[in-house]
There are 2 protein chains.
Amino acid sequence: MLSLHQLTCFLATYEHGSLTRAAEELGYAQPSVSEQIRLLERSLGVQLFRRVGRGVVPTTVADSFRPHAERVLASVQEAERAVASVRSFETGTIRFGMFGTARLYAGAGLVADVLERHPGVRVELIGQNSRDVHEDLRRGRLEAAMIAVPGLSSEGMTITPVARDELVYVSAHPDRLHAPLTPRRLADASLVMAETTWRATDSTRMVLRQMLHEVGRNPITRIEVEDVETAVELVGRGLADTVINKGAASQLLPRLAPEAGWVSLRPRQYDTIAIVHRAGATLSPAARLMIELATARIQAIAEPV
Amino acid sequence: MLSLHQLTCFLATYEHGSLTRAAEELGYAQPSVSEQIRLLERSLGVQLFRRVGRGVVPTTVADSFRPHAERVLASVQEAERAVASVRSFETGTIRFGMFGTARLYAGAGLVADVLERHPGVRVELIGQNSRDVHEDLRRGRLEAAMIAVPGLSSEGMTITPVARDELVYVSAHPDRLHAPLTPRRLADASLVMAETTWRATDSTRMVLRQMLHEVGRNPITRIEVEDVETAVELVGRGLADTVINKGAASQLLPRLAPEAGWVSLRPRQYDTIAIVHRAGATLSPAARLMIELATARIQAIAEPV
DNA sequence: CGGATCCATAGGTGCAACCTATGGATCAGA
DNA sequence: TCTGATCCATAGGTTGCACCTATGGATCCG
């Protein structure tokens, strides 16, 4: 089998016209280079040098072979350089998980943070929903993520809370916003909730369920939609109210429901935002970078813990 | 140090998402592939796969690295293919030595013979003069050659005569051509001889010297020029006569000296044409090809031995 | 012809690539 | 929840290769 080492020896020998000089340059003993050349000739099935008294002379086959050998070694160097540049964040892709609504109000800023520091990289923010992200983490497709808890079983995962984001009641009817929303009034409200596909595991719903169960009621939603934008738009039209993160509300309301406002719940309720990754994993520099930036960004909006 | 084997293992693992599958495909045991991947990761200083329960998952670094690894292996294959095609005379360069005048009347035909059989190759016919060729052979720059003997010391060389080519007297004066040229009349002739730089070792002159010494005369030339064409052209203008190979005469006279004719010497004299290469050398297929074709070509013109 | 230079060979050492066997973790299905 | 299957990591042992030094033979130069 042909090896890179053989090619290196070949080129050094070709350039110097001498096994001894090649060995000097490469820092080996002369018989070692001699052996490599012989192995290379044997594996190619051709003679590359004529041994002629003092020195060696390349054959025409060697002339033809040389540019190819150079190309191979050049592409190896290129490969190493590429990895080095990925390692120092000059290029390459950084992939990070982020649950749906957080991405809405911190994602763009996070991407901007990364690109400002490392202009050459690609960034992938993965995940519409916490459960997606969680699955990607379990499968190894994602190394780390920012995620809303509680929500999913966290066995085998290390969870580090970084902030909590208050849940607020959003309505286009000002009379419903004059005071914090009690569980009783929440139970009577006509709600539109987002992320219907994930309703069983959505962290916001879990918080609401908990709150209502304490007063003996079950949550009922009037409208179910997939994305938060649609929900907010429906609120804006006065068709229903909703409960979402305060961060999402401040981001979406001016644009999609300018007539609407929001008010806290009573008692105040929170989504906990955390960094999550597989337990026992050593995080890559890229993942640590994303965690640091995402934490800073989220803590500027939500309440640090 | 990064190795080709590591790259092969990396690509197989990347494609299958499994060390076990990769090992199966490559015909190794699973721990062997595992070790190669670990070595590759260590030499690159990055993690290429996340070990996640069942199977392994490539990191984004692996995504970036993969095309480079593929390029390296592709260029290795390309290099091997190139050598194979040289070996089977599909491409590459064939270099062969040939002394001056023989090249004049057999060189083009020889090149044509090679190209007809192997259209892709480059052909180099090296050497203006026997001594050049001989030196190239000694230095190893040439593997084999067709050469005129006697001429030079042949120590360390294997010489195989293939033909003899008669020397003829060429003149534009018909009255000088009515009978074979005796040594006495040769001594009185006004001669132009070619290859003046090599006059001491030129085989034709050595033959003439021998011939004249037998009748107690020394050769004197009136004009010395470098190339045979010039000599023949001077003969055509009637300014002098010359002695050259019959083959060269038949090739050059119609074109350069249509008025001139030739006649044998008495006794007839010959240049011996031989294949010469370093003693003890194993000849490459390319050299054997050239020897075979050159021999056939020269024997069609000169007299086989 | 003697010294210098260069490649090939011989013989020995150490590392690395490979194997088998086995343990631990995960996943699918009963 | 447990069991079997699957997959990777580790341990331990063997072989082969890459490397070394020492030396011989050939060539070149003075």
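Every heavy atom of this structure was used, including side-chain atoms; hydrogens, water molecules and symmetry mates were not. The sequence lines fix the lettering, A, B, ..., with proteins before strands; numbering per chain opens at 1. What you are looking at is a predicted structure, and each value in this text was computed from that prediction instead of being measured.
One finds no side-chain N or O of B:S34 lying less than 4.0 angstrom from the OP1 or OP2 phosphate oxygen of D:dC8. Not one side-chain nitrogen or oxygen of A:S18 sits closer than 4.0 Å to the OP1 or OP2 atom of C:dC6. Within the structure, a side-chain polar atom (N or O) of B:Q36 is placed less than 4.0 Å from OP1 or OP2 of C:dC18. Residue B:H5 has a polar side-chain atom (N or O) positioned under 4.0 Å from OP1 or OP2 of C:dC18. Proximity of A:T20 to the phosphate of C:dC7: a side-chain N or O atom is located under 4.0 Å from OP1 or OP2.
The separation between A:Q47 atom CD and C:dA8 atom C1' is 14 Å, rounded to whole Å. Atom CZ of B:R51 is separated from atom P of C:dA25 by 16 Å (rounded to the nearest Å). Straight-line distance from the CD atom of B:E35 to the C1' atom of C:dT20: 14 Å, rounded to whole Å. The CE atom of B:M1 sits 11 Å away from the P atom of D:dC19 (whole-angstrom rounding). In this structure, CG of A:L19 is placed 10 Å from C1' of C:dA8, rounded to the nearest angstrom. A:R138 has its CZ atom 10 Å from the P atom of C:dT26, to the nearest Å. Remark: C1' of C:dA17 and CG of B:L2 are 16 Å apart, rounded to the nearest angstrom. The CD atom of B:Q6 sits 7 Å away from the P atom of C:dA17 (whole-angstrom rounding).
Electrostatic pairing of B:D63 and A:R95 counts as a salt bridge here, judged by a charged N lying under 4.0 Å from a carboxylate O.
Backbone-only engagement by B:G27 is indicated by non-hydrogen atom pairs under 4.0 Å involving sugar-phosphate atoms exclusively.
A distance of 11.0 Å separates NE2 in A:H277 from OG in A:S284, rounded to the nearest 0.5 Å. Of the inter-residue distances, the one linking B:L110 atom CG with B:M98 atom CE reads 5.0 Å to the nearest 0.5 angstrom.
Without hydrogens or angle criteria, A:E41 side chain to A:L48 main chain gives a donor-acceptor distance under 3.5 Å.
Side-chain atoms of A:L40 and A:F65, non-hydrogen and from C-beta on, do get closer than 4.5 Å to each other.
Two residues, B:G17 and B:R278, neighbour DNA chain D, and the one matched to the more 5' nucleotide by heavy-atom proximity is B:G17. Taking the nucleotide of DNA chain D with the nearest heavy atom to each of A:S3 and B:R21, the more 5' of the two is matched to B:R21.
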